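Comments concern the structure below.
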Amino acid sequence: MPAGESGTAYSHSPHNASETRHFDHPHKVMLGLYIGAFLGMLSETSMNIALPDLMDEFSVSSGTAQWMVVGYMLAIGVVLPCVGFMLKWIKAKTLVLFALTCFLVGALVCTVATGFPVLLAGRIVQGISTGIRGMCVYNDQLVISNVTMDAATGKSSATLLISSDPEKGFTQIADSDSLFNYPAYRYSDSIYGGSIWDMVEYNNSLYVSICTGTEDNMPNNNTMQSFALVRGDQNADGTFTWTPVAGDQKKDGARYTFGIDPERTRSGAANLMVFNDYLYIGEYNDEEIALERILFSKTGKNADGQFGGGLDCRFLNANLDQSVNLYRMDKNENMELVVGNSTKMFPNGSLSGLKSGFGRNENQYIWRMEVYDGKLYVGTHDASSLLECFGQFVNGNLLKRTPSEWKDQWNYLKALMEALATVDPNGTGNPDALAQTIKFSYNFVFKNITVRNIASAIKLLNYLRTAKRGFDLYVTEDGVNFETITIDGFGDPYNHGLRVFATTDQGLCLGTANPFYGTQIWIQRKAD
């Protein structure tokens, strides 16, 4: 157990502690699982750009076409809670192969579909196959996380499962109770529903980052509770003892508070990576709740959850005020600030001298980290790409549009009005009449607008005025001094995030998140 101060320890007994056989090639197993996970993420994000073509090909409305996204996510939501339950009777290998087969069958059905109902059916089959979440290798054993429900009691829980031989099944090593009831998995439409976010082996222990924020534990209307970090130590009998590193200091005796630094309140999740004998911890702000607040009425006297948020940008501005930090923890669980602003906890600022977000407020995730060729690569998510609908009014891009681009913009607006018309109670959302469009926009966008919200929108525009769209990518050899590879998504402002890394015998590959024009794959060739 690490020599650092420890809080309350919780020992969890597995159902079958006799598993001891290690599989010979864990990395090959992980490669197959990562390929499946990559395909699921690619299928999830790439559908957005295909919807206009699908509408034309199958002659369906935008609302109907959206079921390609909704049906897929609905299938995932239905399957995800059942995975732990199924693992009690079905071998993990069989379940994974079944999931991959379902994905392939769904893809084939979509390929040969001659009508929209068949296409949608294939899409839902694909969604059934993607309901398993995080995983890692610990002590040559495969560890996975999911959300499960006890069929007898109806109690749901976030769980961790381990196996030295996935063909023979998995053993539960933790549930929500043993993880101090930190995991949040019922709050929908945000990363705070992510429950077990990331896991990694470090210093012979299993470290787990957990999303904890729910609607019930919000410190205020514009702040969610930050992430927790828990350490698991495997005992001789196969059980695990769990200790909070970052969490509730009073109740559980955690060494650090939620989110590590008491002055840091924006990051609902954290990504983990081991490099040069340190555990690197990258913050991950929630942009989904922030964007939701702008469009949907979630605050104020008329907060009914319906479309028409009155441009409430306060949650988003709070995120931009606190762009993400990068920490590192040594084997004694002492924290250092690698990238970030000075606070009372770190009065001297960061080791690298770089401010939060690598000096750019729009960097809202440390989305992915990877170790390759003795170097640490760090990729970000850039919020200004998604916020170009606002940023274009202050960054000069609006003046650079061609007549063709203006025509496209008007068509996009009409499509948006058609989609929003489905929630128009008065049936006045007719995008073909300018007067009706203005009335519709007033009812659903500006109904709840206030002076406070206008002020928050002006503050947002000030941030976006100088923002550089596109994700950032940095690299370091010593873990402190960083070199910049790109700050604009490799020249594509629509590459708003570095979504995934993969190391191959050809070099380091990375996949971008680009919901506008499609994801891209880039490679840094291995040096001869």
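Small disclaimer: the values here were computed from a predicted structure and weren't measured.
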Hey, are S178 and D175 close enough side-chain-wise for a donor-acceptor pair under 3.5 Å?
yes
In terms of heavy-atom contacts, I366 and N271 come closest through O-ND2, 2.8 Å
Under the 3.5 angstrom rule, does the side chain of T380 hit a backbone N or O of F471 as a donor-acceptor pair?
no
Determine, step by step, whether F346 and L351 satisfy the side-chain contact (heavy atoms from CB on, under 4.5 Å) criterion, reporting the C-alpha distance in whole Å, the side-chain angles of both residues, the deciding distance to 0.1 Å, and the verdict.
CA-CA 10 Å; F346 301 101; L351 299 176; over 6 Å; no
K459 and its side-chain contact (heavy atoms from CB on, under 4.5 Å) partner, picked from I454, D321, L320:
D321
Between the CD atom in E283 and the OG atom in S267, the distance rounded to the nearest 0.5 Å is 3.5 Å
Going by atom types alone, do Q322 and N285 pair a side-chain donor with an acceptor below 3.5 Å?
no
Rounded to the nearest 0.5 Å, what's the gap from CD1 on I210 to CH2 on W197? Could you check?
13.0 Å
Inspect the contact between R401 and D408 and indicate whether a charged nitrogen and a carboxylate oxygen are less than 4.0 angstrom apart.
no
Looking only at side chains, do N341 and R264 share a donor and an acceptor under 3.5 Å apart?
no
Gap between atom CZ of F315 and atom CG of N222 - 0.5 Å precision:
7.0 Å
Without swapping roles, check the side chain of S323 against the backbone of R360 for a donor-acceptor pair under 3.5 Å.
yes
Does some side-chain heavy atom of R469 sit less than 4.5 Å from a side-chain heavy atom of D382?
yes
Please find the pair of heavy atoms, one from D472 and one from N363, that lie closest to each other, and give the distance.
OD2-ND2, 2.7 Å
Checking Y182 against F227 for the ring pair (Phe, Tyr, Trp, His ring centres under 6.0 Å) test, could you report, in this order, the C-alpha distance in whole Å, the side-chain angles of both residues, the deciding distance, and whether it holds?
CA-CA 9 Å; Y182 290 157; F227 66 89; over 10 Å; no
If you apply the rule side-chain contact (heavy atoms from CB on, under 4.5 Å), what do you find for L510 with E370, and how did you get there?
CA-CA 10 Å; L510 62 89; E370 183 65 47; over 6 Å; no
Any idea how H381 and Y365 line up, ring-wise: parallel (<30°), tilted (30 to 60°), or perpendicular (>60°)?
parallel
Can you see which heavy atom on A270 is nearest to which on S209, and at what distance?
O-OG, 2.7 Å
Polar contact flag, side-chain donor to acceptor under 3.5 angstrom, N181-S176:
no
Strictly by modelled atom types, are Q225 and T212 linked by a side-chain donor-acceptor pair under 3.5 Å?
yes
Pair E362-L387, side-chain contact (heavy atoms from CB on, under 4.5 Å): steps then yes or no
CA-CA 10 Å; E362 59 268 27; L387 295 170; over 6 Å; no
Once rounded to the nearest 0.5 Å, what's the spacing between atom NZ of K355 and atom OG of S342?
5.5 Å
What pair of heavy atoms forms the shortest contact from N334 to Y256, and how long is it?
CA-OH, 3.6 Å
Do the side chain of Q392 and the main chain of C389 share a donor and acceptor less than 3.5 angstrom apart?
yes
My understanding is that only one of V339, L279, D261, V338 makes a side-chain contact (heavy atoms from CB on, under 4.5 Å) with Y327; could you say which?
D261
For Y280, is there any backbone N or O sitting under 3.5 Å from a side-chain donor or acceptor partner on R328?
no
So CG of L326 and CG of L354: to nearest 0.5 Å the spacing works out to 10.0 Å
Indicate yes or no for a side-chain donor-acceptor contact from Y202 to the backbone of M329 under 3.5 Å, with no hydrogens or angles considered.
yes
Just checking, any donor-acceptor pair under 3.5 angstrom between side chains of Y207 and E333?
yes
Candidate pair D286 and Q364, rule side-chain contact (heavy atoms from CB on, under 4.5 Å), full reasoning:
CA-CA 8 Å; D286 187 292; Q364 291 292 295; over 6 Å; no
Working to the nearest 0.5 angstrom, can you tell me the gap between L316 CG and E287 CD?
5.5 Å
Which pair of heavy atoms, one from W367 and one from L498, lies closest together, and at what distance?
CB-O, 3.6 Å
Do the side-chain N and O atoms of D216 and T214 include a donor-acceptor pair separated by under 3.5 angstrom?
no
Show the nearest heavy-atom pair for residues N325 and S356, with the distance to one decimal.
OD1-OG, 2.6 Å
Residues T223 and R266: side-chain donor-acceptor under 3.5 angstrom
yes
R499 vs T519 side-chain heavy atoms within contact, under 4.5 Å:
no
